[in-house]
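Read through the structure below, which is laid out as structure tokens, and then see the notes.
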Amino acid sequence: MSTPIYTTISALEKHEGELVTLKGWLYNKRSSKGLHFIVLRDGTGLCQCVVNHGEIDESSWNGADESTQESAIEIIGRVRADEKQVGGYELQVTALTLLHKAEEYPITPKEHGVDFLMNHRHLWLRSQRQWAILRIRNSVIMSIHNFFQEKGFLQMDAPILTGTAVEGTSTLFEMEYFGRSAYLTQSGQLHGEAMAMAFGKIYTFGPTFRAEKSKTRRHLTEFWMIEPEMAFYDLDMAMQLAEDMLSRIVSDALANCQTELQILERDQEPLKRSLSGYPRVSYDKAVEILKSDKTAQMVADKIAGLQQETSDLQTESKEGQAAHGQAKKWEKKKIDAREIEIQRRLADIEEELRNLPKWLESAQAFEWGGDFGGSDETLITWHFDRPIIVHRFPHEFKAFYMKRDLEDDRVALGMDVLAPEGYGEIVGGGERATDLAFLQSQVKKHGLPEEAFTWYFDLRRYGSVTHSGFGLGLERTVTWICGLHHLRETIPFARTLDRLYP
RNA sequence: UCCUCGGUAGCUCAGCGGUAGAGCAUGCGGCUGUUAACCGCAGGGUCGUAGGUUCAAAUCCUACCCGGGGAGCCA
């Protein structure tokens, strides 16, 4: 007899009723005397495999019996549709080979802390949630490439080692470079502009490094950025391009990642609303919104809502404790598990209740000319149900290469896309300055070394044209699409302030 | 850099001056349709490190180390 066809869990639907071979790892096992339910993980999905003592040879039975969590196994079995199962299919096992018996696996099916999981990231990647997140990351990456390629953009690779500090040196990783200083890139934009003047429309897709001492859920020291740069595009065209790009990312994720989004329990309604119609909000308007009575009311409502939730949770917790005494063992477990959830949520709420009054205070004290902080951005996005594009910021706190608005000299033609649901800035960019003298004066004003920009100035000497571009933060975008609390799970191996391993 | 919370079994945590605990994981036993399966038994600890207070410290105090969250800054 020949070995049945080797296939994957994702392709089982094509083999219903047939005998197939699957190779993978044991994700979980539930057993009784003559029966093992093995949940097999093969990278494409999960599938329950039923091993019945009476129906297989002794070596197969012993293999199943000895298999521990994450042991590598090869299984031959018949495919059966079963609505109740993850993935919709089940395998009735006819033969099983234990390829490698795993040692005691550190990540159990129970809960773990963040530090422990990050220390075991190389193994954590095997878990279902991580599988879902990184597959969505893959979808987002492919959407971006397809979107730009279909629009005739040229993909380019900007240098990762750079010779000059374009922005503050405090956020640059410095290294020794044959007796000189070199830095890891913070942005490929300036080189992108050069390429745009050569190819019209280009985009970079590469890693970016920031030595910011930030310990927040929105920061990594190494992250991936996509930076399109377009000749003959003004600010409005760049904003439309950013909207179209994000719309494509969301639409592809909704179409191709239903399994993944469901594993993550992502509420898909906010994503469905994000397919078009992103409001354009000027900085002036945003400041007005920030200081409005409506914002104050929203904060007050939010506080009231959180206080109500606190009291509800406390009531539930008390009821749980009261029922605990005479509860059966499995009921007690359920109550205890819920109690942990309640306490976590209560701690989060407490933190929010501490922050909200401060947020409101700083929002109301906001003065025209200042830069929005994280909390200000969040409050502004509360007024909308989809991503918004904030544009035309005071030029003081913006980069030297930004073009001024001809109609209002106080503002620069910059724009940020703010994701809804509190996710904040995922895109930043704008229209670039085209005038040589203006750029030279800006470089001087920002205290930057002029000699480092001679090549960049050349772009304004030989056929300077209107052009625009922006940068999209890949991990922040994936965080938003997935509805995650923290962006460190959206990259296989996160690099943060104090984490270089694994 | 600042603010804040934490470090107790392999993991998640409880204990908060008086003999170190639970659940999961592991091992053994039971159970032929389980869904973080269940039931019984067992092994498993320098209570982050170093000082101090005390008859007595996981518990109180001081310093340091490590981590989480937040601020600033940013994608």
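Proteins get letters first, then strands, A, B, ... in listed order; numbering begins at 1 in each. Note: hydrogens, waters and symmetry copies are ignored here, and every other heavy atom, side chains too, is used.
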A:Glu361 atom CD, neighbour heavy-atom count above 12 within 6.0 Å = no

Rounding to an integer number of Å, can you tell me how far [X] [atom1] sits from [N] [atom2]?
{"X": "A:Leu246", "N": "B:A75", "atom1": "CG", "atom2": "C1'", "answer": "12 Å"}
{"X": "A:Gln189", "N": "B:C74", "atom1": "CD", "atom2": "P", "answer": "15 Å"}
{"X": "A:Glu352", "N": "B:G69", "atom1": "CD", "atom2": "C1'", "answer": "13 Å"}
{"X": "A:Glu70", "N": "B:A25", "atom1": "CD", "atom2": "P", "answer": "15 Å"}
{"X": "A:Gln69", "N": "B:A37", "atom1": "CD", "atom2": "P", "answer": "10 Å"}
{"X": "A:Glu377", "N": "B:G70", "atom1": "CD", "atom2": "P", "answer": "15 Å"}
{"X": "A:Asp115", "N": "B:C65", "atom1": "CG", "atom2": "C1'", "answer": "14 Å"}
{"X": "A:Tyr105", "N": "B:C11", "atom1": "OH", "atom2": "P", "answer": "14 Å"}

Distance, [atom1] atom - from [M] to [N], rounded to whole angstrom:
{"N": "B:A56", "M": "B:G72", "atom1": "C1'", "value": "47 Å"}
{"N": "B:C47", "M": "B:C60", "atom1": "C1'", "value": "15 Å"}
{"N": "B:A20", "M": "B:C65", "atom1": "P", "value": "31 Å"}
{"N": "B:A9", "M": "B:G21", "atom1": "P", "value": "14 Å"}
{"N": "B:C13", "M": "B:G7", "atom1": "C1'", "value": "12 Å"}
{"N": "B:C24", "M": "B:A37", "atom1": "P", "value": "11 Å"}
{"N": "B:U26", "M": "B:A63", "atom1": "P", "value": "43 Å"}
{"N": "B:G48", "M": "B:C55", "atom1": "P", "value": "24 Å"}

For the residue pair [Y] / [X], report whether a side-chain donor-acceptor contact shorter than 3.5 Å exists.
{"X": "A:Thr378", "Y": "A:Thr381", "result": "no"}
{"X": "A:Gln189", "Y": "A:Tyr401", "result": "yes"}
{"X": "A:Glu227", "Y": "A:Ser187", "result": "yes"}

side-chain hydrogen bond (donor to acceptor under 3.5 Å, both in side chains) partners of [X], counting only residues at least two apart:
{"X": "A:Asp57", "answer": "A:Ser60"}
{"X": "A:Arg280", "answer": "A:Gln240, A:Glu243"}
{"X": "A:Tyr105", "answer": "none"}
{"X": "A:Gln130", "answer": "A:Arg121, A:Glu489"}

With a 4.0 Å cut-off on heavy atoms, is [X] in touch with a base, just the backbone sugar-phosphate, or nothing at all?
{"X": "A:Arg129", "answer": "nothing"}
{"X": "A:Gln48", "answer": "base"}
{"X": "A:Gln92", "answer": "base"}
{"X": "A:Leu472", "answer": "nothing"}
{"X": "A:Val39", "answer": "nothing"}
{"X": "A:Phe116", "answer": "sugar-phosphate"}

Do [X] and [N] have a side chain to base donor-acceptor pair shorter than 3.5 Å?
{"X": "A:His219", "N": "B:C74", "result": "yes"}
{"X": "A:Gln85", "N": "B:U34", "result": "yes"}
{"X": "A:Arg80", "N": "B:G33", "result": "yes"}
{"X": "A:Glu90", "N": "B:G33", "result": "yes"}

Hey, do the aromatic rings of A:Tyr183 and A:Phe209 have their centres closer than 6.0 Å?
-> no

Ring centroid separation for A:Phe205 and A:His145, is it under 6.0 angstrom?
-> yes

Do A:Phe223 and the base of B:A75 stack face to face, with centres under 5.5 Å apart and an angle between planes under 30°?
-> yes

Side-chain N,O (A:His486) to OP1/OP2 (B:G69) below 4.0 Å | yes

A:Arg217 vs B:A75: side-chain N/O to OP1/OP2 distance below 4.0 Å = no

Contacts under 3.5 angstrom, residues 75-89 of chain A side chains, donor-acceptor by atom type, not counting sequence neighbours:
| residue | atom | partner | partner atom | Å |
| --- | --- | --- | --- | --- |
| A:Arg78 | NH1 | A:Gly17 | O | 2.8 |
| A:Arg80 | NH2 | A:Glu90 | OE1 | 2.4 |
| A:Asp82 | OD1 | A:Lys84 | N | 3.0 |

Do [X] and [Y] sit within salt-bridge range, that is, some charged N less than 4.0 Å from a carboxylate O?
{"X": "A:Arg432", "Y": "A:Glu229", "answer": "yes"}
{"X": "A:Glu70", "Y": "A:Lys29", "answer": "no"}
{"X": "A:Arg248", "Y": "A:Asp244", "answer": "no"}

Please identify each residue that fulfils ring-ring contact (aromatic ring centres under 6.0 Å, His included) with A:His100, with sequence neighbours left out.
-> none

By ring-ring contact (aromatic ring centres under 6.0 Å, His included), A:Trp61 pairs with (sequence neighbours left out) A:His36, A:His53

Of all the nucleotides listed ([options]), which has the minimum atom distance to the side chain of [X]?
{"X": "A:Val114", "options": "B:G68, B:G33, B:C31", "answer": "B:G68"}
{"X": "A:Leu487", "options": "B:A75, B:G33, B:G70", "answer": "B:A75"}
{"X": "A:Glu104", "options": "B:U26, B:C73, B:A75", "answer": "B:U26"}
{"X": "A:Glu425", "options": "B:A75, B:U32, B:C11", "answer": "B:A75"}
{"X": "A:Thr108", "options": "B:G33, B:A75, B:G10", "answer": "B:G10"}

Under 3.5 Å, which N/O atoms of the protein pair with N/O atoms of nucleotides 43-48 of chain B?
none

Pick the nucleotide of RNA chain B nearest each of A:His53 and A:Arg476; which residue has the one closer to the 5' end?
-> A:His53

Using Watson-Crick pairs (N1 to N3, plus N6-O4 or O6-N4) and G-U wobble pairs, both distances under 3.5 Å, which stems of at least 3 pairs involve RNA chain B?
-> B:1-7 with B:65-71, B:10-13 with B:21-24, B:26-30 with B:38-42, B:48-52 with B:60-64

Dump the pairs, protein N or O against N or O of nucleotides 1-4 of chain B, anything under 3.5 Å, distances to one decimal.
| residue | atom | partner | partner atom | Å |
| --- | --- | --- | --- | --- |
| B:U1 | O4 | A:Lys213 | O | 3.3 |

Counterpart residues, salt bridge (Lys or Arg N to Asp or Glu O under 4.0 Å), relative to A:Glu309 (two or more places apart) = A:Arg345

The correct set of residues in residues 24-32 of chain A placing a heavy atom under 4.0 Å from RNA chain B is A:Asn28, A:Arg30, A:Ser31, A:Ser32

